[in-house]
K.L.:
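Have a look at the structure that comes next, please.
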There are 2 protein chains.
Amino acid sequence: MNAEAHKVDVFQAVADPTRREVLQLLSESSQSIAELSSHFDVSRTAVVKHLNVLTKAGLVRGEKNGREKIYYLQPEPLQELKDWLAYYEKFWYNKLAKLKYAVENDTLNK
Amino acid sequence: MNAEAHKVDVFQAVADPTRREVLQLLSESSQSIAELSSHFDVSRTAVVKHLNVLTKAGLVRGEKNGREKIYYLQPEPLQELKDWLAYYEKFWYNKLAKLKYAVENDTLNK
DNA sequence: ATTATATAGAACCATATGGTGTTATGTCAA
DNA sequence: TTGACATAACACCATATGGTTCTATATAAT
């Protein structure tokens with residue numbers, strides 16, 4: 001399988017809480033599958049499956065090192081998420097602005 | 001079911017492409033279920049299911065209006081996503097900074 | 001050489017998910 | 001009041017997802 005091919009949507013990849021925890025751990029330090037698995041209740045196989053999903057989303061990269069495989073965070077695909085969010089920010093900031101206005105008005109009318 | 005109770009994770013809610021399209025449409029204008037469904041290939045029942053998920057995530061709100069039910073975008077829960085992303089931004093911006101540095105160095109060495 | 005360690009991969013399983021169609025129920029209009 | 005319209009609710013289905021265990025292979029250490 002080609003790790004470069006983003007076969008998994010970043011939204012999908014990030015939807016699972018375990019995968020988000022994997023990303024968190026890898027952001028603190030690159031580590032082997034064994035090390036990573038020690039932080040979870042689920043089996044090593046399950047962790048590997050999550051790593052595969054994250055790899056296909058381009059969010060992590062695994063490098064063989066002797067008999068270990070070290071995984072690294074690769075955060076760039078999160079940019080897509082950020083761009084998506086940027087569009088919606090104006091909507092909730094507008095709402096907050098309206099709320100602020102209403103609150104200030106109420107205060108003035110007292 | 002209590003629409004206020006965020007029973008569905010915002011990451012999960014946003015993971016589905018159809019649901020993202022629903023959010024997009026609602027950001028353009030609030031509209032009824034029938035109106036919304038007309039934009040999709042899937043059945044109205046399927047769209048309603050997606051609306052239920054989005055409602056449980058607090059991302060939309062439906063208001064009965066006569067025999068119609070109008071849905072509105074409610075973008076505030078996206079803040080959670082934004083906060084989550086903010087943590088990772090430093091990682092990819094660091095990487096970009098490093099790349100920029102390398103590129104500039106190569107240029108200088110020519 | 002032999003044993004222990006680290007990962008890979010296959011086979012399997014239960015439940016969640018996204019979809020369907022059909023049947024009520026409530027509301028507007030003629 | 002009758003028919004058309006909009007939504008609600010139910011029953012059902014196929015596949016995806018997240019998980020398991022067991023087996024195989026490659027590398028390190030004794």
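Worth knowing before you read on, the calculation uses all heavy atoms, side chains too, and leaves out hydrogens, waters and symmetry mates. Note that the structure is predicted; figures quoted are calculated from it, not measured. Just so it is clear: chains get the letters A, B, ... in the order the sequence lines come, proteins before strands, and each one is counted from 1.
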K.L.:
Which comes earlier along DNA chain D counting from the 5' end, the contact point of K69(B) or that of T18(A), where each point is its nearest nucleotide?
P.N.:
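Per heavy-atom nearest nucleotide, the more 5' residue is K69(B).
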K.L.:
Give every residue pair that meets the side-chain hydrogen bond (donor to acceptor under 3.5 Å, both in side chains) criterion with at least one member in residues 32-49 of chain A, sequence neighbours excluded.
P.N.:
none
K.L.:
Looking at every non-hydrogen atom in both residues, tell me the closest pair between V10(B) and E80(B) and how far apart they are.
P.N.:
CG1-OE1, 3.5 Å
K.L.:
So, for L78(A) and V14(A), which heavy atoms are closest and what is the spacing to 0.1 Å?
P.N.:
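Taking every non-hydrogen atom into account, CD2-CG2, 4.1 Å.
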K.L.:
Round to a whole Å and report the spacing from NZ of K49(A) to P of dA10(C).
P.N.:
11 Å
K.L.:
Of all heavy-atom pairs between A15(A) and A15(B), which one has the smallest distance, and what is that distance?
P.N.:
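Between these two residues, the closest heavy atoms are CB-CB, 3.7 Å.
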K.L.:
Regarding E35(B), tell me which of base, sugar-phosphate or nothing describes its non-hydrogen contacts under 4.0 Å with the strands shown.
P.N.:
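The answer is nothing, as E35(B) stays clear of every strand by at least 4.0 Å.
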K.L.:
At under 4.0 Å between heavy atoms, which parts of nucleotides 22-30 of chain C does protein reach? Answer with one letter per nucleotide, 5' to 3': B base, S sugar-phosphate only, - none.
P.N.:
-----BB--
K.L.:
Taking 4.0 Å as the cut-off, does a side-chain nitrogen or oxygen of R44(A) come that near to OP1 or OP2 on dA6(C)?
P.N.:
no
K.L.:
A34(B) near the nucleic acid: base, sugar-phosphate alone, or nothing, with a heavy-atom cut-off under 4.0 Å?
P.N.:
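Touches sugar-phosphate only.
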K.L.:
I'd like the 5' and 3' limits of the part of DNA chain D contacted by chain A, with heavy-atom contacts below 4.0 Å.
P.N.:
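The protein-touched segment is dT17(D) to dA28(D).
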K.L.:
Looking only at heavy atoms, which two atoms of Q24(B) and S27(B) are closest? And how far apart?
P.N.:
O-OG, 2.6 Å
K.L.:
Evaluate the ring planes of Y88(B) and F91(B), with Trp represented by its six-membered ring, and classify them as parallel (under 30°), tilted (30 to 60°) or perpendicular (over 60°).
P.N.:
tilted
K.L.:
For E28(A), check salt bridge (Lys or Arg N to Asp or Glu O under 4.0 Å) against everything at least two apart and list the hits.
P.N.:
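E28(A) satisfies salt bridge (Lys or Arg N to Asp or Glu O under 4.0 Å) with no residue once adjacent residues are dropped.
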K.L.:
Heavy-atom contacts under 4.0 Å between residues 20-32 of chain A and DNA chain C, which residues?
P.N.:
S32(A)
K.L.:
Does some side-chain heavy atom of V22(B) sit less than 4.5 Å from a side-chain heavy atom of L59(B)?
P.N.:
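No. Closest side-chain heavy atoms not under 4.5 Å.
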K.L.:
Under 4.0 Å between a side-chain N/O of S43(B) and OP1 or OP2 of dG19(C), yes or no?
P.N.:
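For S43(B), the contact criterion (side-chain N or O under 4.0 Å from OP1 or OP2 of dG19(C)) is not met.
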K.L.:
So, do L23(A) and W84(B) sit near enough that their side-chain heavy atoms are less than 4.5 Å apart?
P.N.:
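When only atoms from C-beta onward are counted, W84(B) and L23(A) do touch, with a gap below 4.5 Å.
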K.L.:
I need the full list of salt bridge (charged side-chain N to carboxylate O under 4.0 Å, His left out) pairs touching residues 12-21 of chain A, with sequence neighbours left out, sorted by first then second residue.
P.N.:
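For residues 12-21 of chain A, and leaving out neighbouring residues, the salt bridge (charged side-chain N to carboxylate O under 4.0 Å, His left out) pairs sorted by first residue read R20(A)-D9(B).
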K.L.:
What are the two closest heavy atoms between T18(B) and F40(B), and how far apart are they?
P.N.:
CG2-CE2, 3.7 Å
